[in-house]
There are 2 protein chains.
Amino acid sequence: MSIGKREFKPDKNKASLSNQIRDHMRARILNQEWQPGEKIPSEFVLANDYQVARVTIRTALRMLESQGLIDIRHGSGAYTTNFGKGIRAGLQELRSISETIREMGFTPGVVIRASELRLPNKAEAEELRISLDENIFYMERAITADGKVVAFSYDTVRITDLSQNVINKFSTGSVFKALEAFGKHPVRAMSEIHAIKSELIGWGPSKPKSGLYLQLKQTHFLRDGFPIMTGSTYFVEGRFQFIIHRTI
Amino acid sequence: MSIGKREFKPDKNKASLSNQIRDHMRARILNQEWQPGEKIPSEFVLANDYQVARVTIRTALRMLESQGLIDIRHGSGAYTTNFGKGIRAGLQELRSISETIREMGFTPGVVIRASELRLPNKAEAEELRISLDENIFYMERAITADGKVVAFSYDTVRITDLSQNVINKFSTGSVFKALEAFGKHPVRAMSEIHAIKSELIGWGPSKPKSGLYLQLKQTHFLRDGFPIMTGSTYFVEGRFQFIIHRTI
DNA sequence: TCTCTATAGTTGTCCTACAACTCTCCGAGT
DNA sequence: ACTCGGAGAGTTGTAGGACAACTATAGAGA
């Protein structure tokens, strides 16, 4: 089936239908298939387009509303919200940076500067709730969009049963995909946000001259509440636009 | 009717039922009537307790899930997350900065540097969706905790029906309280987050030497979707800790 | 021209039913 | 005594239909 210019095929093995539709519609919004401020089709029409029940569409729409992408008005319709341009991400959504970059129409990439198996320091062991003699996987990466660095990342992953070919996965792209490769799906993260100016963070040819970064110091958790990854991502100021939807 | 220790009476004149139930259940979570990590009653039971349809409960639950307060597992149930307390200081909650400061055990204060009625510039008029000949209220403030500045704020308020004594309220403390004084309750805000280094932002005796700020460029909206206030708040790096809860 | 009303369109809520998934418990087999 | 697997109960996900509540618009009437 084709909806707009995009294909939509429900995948039985993956997330729930409403979650798949939410992601599909998010892509349509971010790619401005639906213009900012524009009214999107009614729930009835969408239910027909996607060939699902109206309640399924509603669930997806409420999630998009919670994330600030649309604005639902009783008796009137749902309208996409107005944003600026550039790469942007709702901070409260835990999503792969690479995926976000791809959805914005750029080509994501990863450059690994260093990666190693080593023992954690005290802070890392505490964050990951492991003992000091349990190995962790540490890596330093640069995330790029169309070849230009948008963020530098320093992360440690808790890996009890890590084989070499799984480690290799981390080098090829999204950390989330690599984690999924051995059945670990982080579902939430706690982040501290800081403004940082330092010459020591960036590296490589597209290291920013300003040295100005938005730091996300975060720990990712699995569904059962256990931490799986901790570290800091430094977003180069001006190359990535962060949005937060704040509600009462 | 009594649910837990809390009363719940649907108010026909206010928000939708599911929104009222969402707020009611959020209070139960934040007050730890449901302990962190605990399983909350099933949708069926909640629907009976609140005397509404299951779909209404579901809508409320999905919103709470989007805000990271609960975790819904297919076939199992919904569980409160382990971060009930921390979220309150979180960025995604639209709350008065002064109130947050007070909750953290400091004494909040406000210093007004400038305030005036004037015409909006083009960007301001667009953000507030008003015409260029409609007056706005502009102010420059410093928000303090125990006398030390934690943020500098530059805001414009849309004031169609604003009397002088209401304007005075803005000088005395929380902007939210002042807005409520004439029946305007912002319910959500869209924020861009930036790292900024500038000598032009701060002022007064506790202007930071580093010139490093976390900028929240935000617009506040009323329940009907219309913007009421727009501007930027610059948090002095290191004096205010921002936490954000990210979920899928 | 202006105001009010009828009406069509859209979202909110209700109801019932069943599918899909999770967790526990109990019995068969080793 | 222990392991494994299946049955069954409980819970969330999706379906379909119906009506209530609200909004926007066009048209009638003053």
Side-chain angles (χ1 to χ4, degrees), chain A residues 1 8-25 34 37-66 69-81 183 185 187 222-225, chain B residues 8-25 34 37-66 69-81 187 222-226 247-248:
Chain A
M1 173 186 31
F8 177 74
K9 274 193 186 301
D11 186 339
K12 282 202 171 185
N13 301 342
K14 282 200 172 180
S16 66
L17 248 180
S18 48
N19 277 15
Q20 291 181 53
I21 290 174
R22 173 201 62 192
D23 292 341
H24 191 266
M25 289 201 288
W34 294 323
E38 186 184 355
K39 184 174 172 180
I40 71 178
S42 73
E43 297 174 354
F44 182 79
V45 171
L46 287 171
N48 262 293
D49 287 352
Y50 282 99
Q51 284 296 298
V52 296
R54 202 185 130 208
V55 66
T56 306
I57 294 292
R58 276 181 67 72
T59 301
L61 287 176
R62 301 313 290 249
M63 288 190 275
L64 291 172
E65 188 193 34
S66 284
L69 283 165
I70 64 172
D71 186 12
I72 304 178
R73 304 180 200 165
H74 186 189
S76 173
Y79 302 78
T80 61
T81 49
H185 306 262
V187 295
L222 301 179
R223 184 167 298 263
D224 58 14
Chain B
F8 178 73
K9 275 193 184 300
D11 185 340
K12 282 201 170 185
N13 301 341
K14 283 200 170 178
S16 65
L17 249 182
S18 49
N19 278 15
Q20 292 180 53
I21 290 174
R22 172 202 62 193
D23 292 343
H24 191 266
M25 289 201 288
W34 293 323
E38 188 184 354
K39 184 173 172 179
I40 71 177
S42 72
E43 296 174 354
F44 182 78
V45 171
L46 287 170
N48 261 294
D49 287 352
Y50 283 98
Q51 284 294 299
V52 297
R54 200 183 130 211
V55 67
T56 306
I57 294 290
R58 277 181 66 72
T59 302
L61 287 176
R62 301 314 291 247
M63 288 190 275
L64 291 172
E65 187 192 33
S66 284
L69 284 165
I70 63 172
D71 183 16
I72 305 177
R73 305 180 199 168
H74 186 187
S76 172
Y79 302 77
T80 61
T81 54
V187 294
L222 301 177
R223 189 173 296 274
D224 59 12
F226 276 96
T247 54
I248 290 184

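Below, chains carry the letters A, B, ... as their sequence lines are ordered, and counting in each starts from 1. This one's a predicted model, so the numbers in the text were calculated from it and none came from an experiment.
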(request) Starting at CZ of B:R22, measure out to OG of B:S16 and round the result to the nearest 0.5 Å. (result) 7.5 Å

(message) Measuring from the side chain of A:V55 (C-beta onward, heavy atoms only), which nucleotide among C:dT22, C:dG12, D:dA15 has the closest atom?
(response) D:dA15

(request) Take atom CZ of B:R58 and atom P of C:dC14, then tell me their distance rounded to the nearest Å. (result) 14 Å

(request) Output yes when a side-chain donor or acceptor of A:T80 lies under 3.5 Å from a complementary backbone atom of A:I70, and no otherwise. (result) no

(request) To the nearest Å, give me how far apart NZ (A:K39) and P (D:dT23) are. (result) 13 Å

(message) Please determine whether a side-chain nitrogen or oxygen atom of A:S18 lies at a distance below 4.0 Å from atom OP1 or OP2 of D:dT14.
(response) yes

(request) Can you see which heavy atom on A:S76 is nearest to which on A:K39, and at what distance? (result) O-NZ, 3.0 Å

(request) Grab the OH-P distance between A:Y79 and C:dT10 for me, whole Å please. (result) 10 Å

(request) Taking the side chain as every heavy atom from C-beta outward, state whether A:M25 and A:L61 have any pair of such atoms under 4.5 Å apart. (result) yes

(message) Can you tell me which nucleotide in C:dT13, D:dA24, D:dT12 comes closest to the side chain of B:S16?
(response) C:dT13

(message) From the set C:dC23, C:dT11, D:dT11, return the single nucleotide nearest to any side-chain atom of A:A78.
(response) C:dT11

(request) Identify, between B:V52 and A:I40, the residue whose nearest nucleotide on DNA chain C lies closer to the 5' end. (result) A:I40

(request) Whole angstrom is fine here: how far is it from CG in B:L61 over to C1' in D:dT14? (result) 16 Å

(request) Return the 5'-most residue of the pair A:A53, B:F44 with respect to DNA chain D, ranking by each residue's nearest nucleotide. (result) B:F44

(message) For C:dG12 and A:R54 - does any side-chain N or O of the residue sit under 4.0 Å from the phosphate oxygens OP1/OP2?
(response) no

(request) State, to 0.1 Å, how close B:S18 and B:A60 come at their nearest heavy-atom pair, and which atoms those are. (result) O-CB, 3.5 Å

(message) Once you apply a heavy-atom cut-off of 4.0 Å, does B:T59 come out as touching a base, just sugar-phosphate, or nothing?
(response) nothing

(request) Return the value, rounded to whole Å, for the distance between atom NE2 of B:H74 and atom P of D:dT11. (result) 13 Å

(request) Write down the distance between CG (A:N48) and C1' (D:dA15), rounded to a whole number of angstrom. (result) 13 Å

(request) Give the rounded distance in Å between these two atoms: CD1 of B:I57 and C1' of C:dG12. (result) 14 Å

(request) Starting at atom CG of B:N19, determine the distance to atom C1' of D:dA21, rounded to an integer number of angstrom. (result) 15 Å

(message) Below the 4.0 Å mark, does D:dA15 have OP1 or OP2 next to a side-chain nitrogen or oxygen of A:T56?
(response) yes

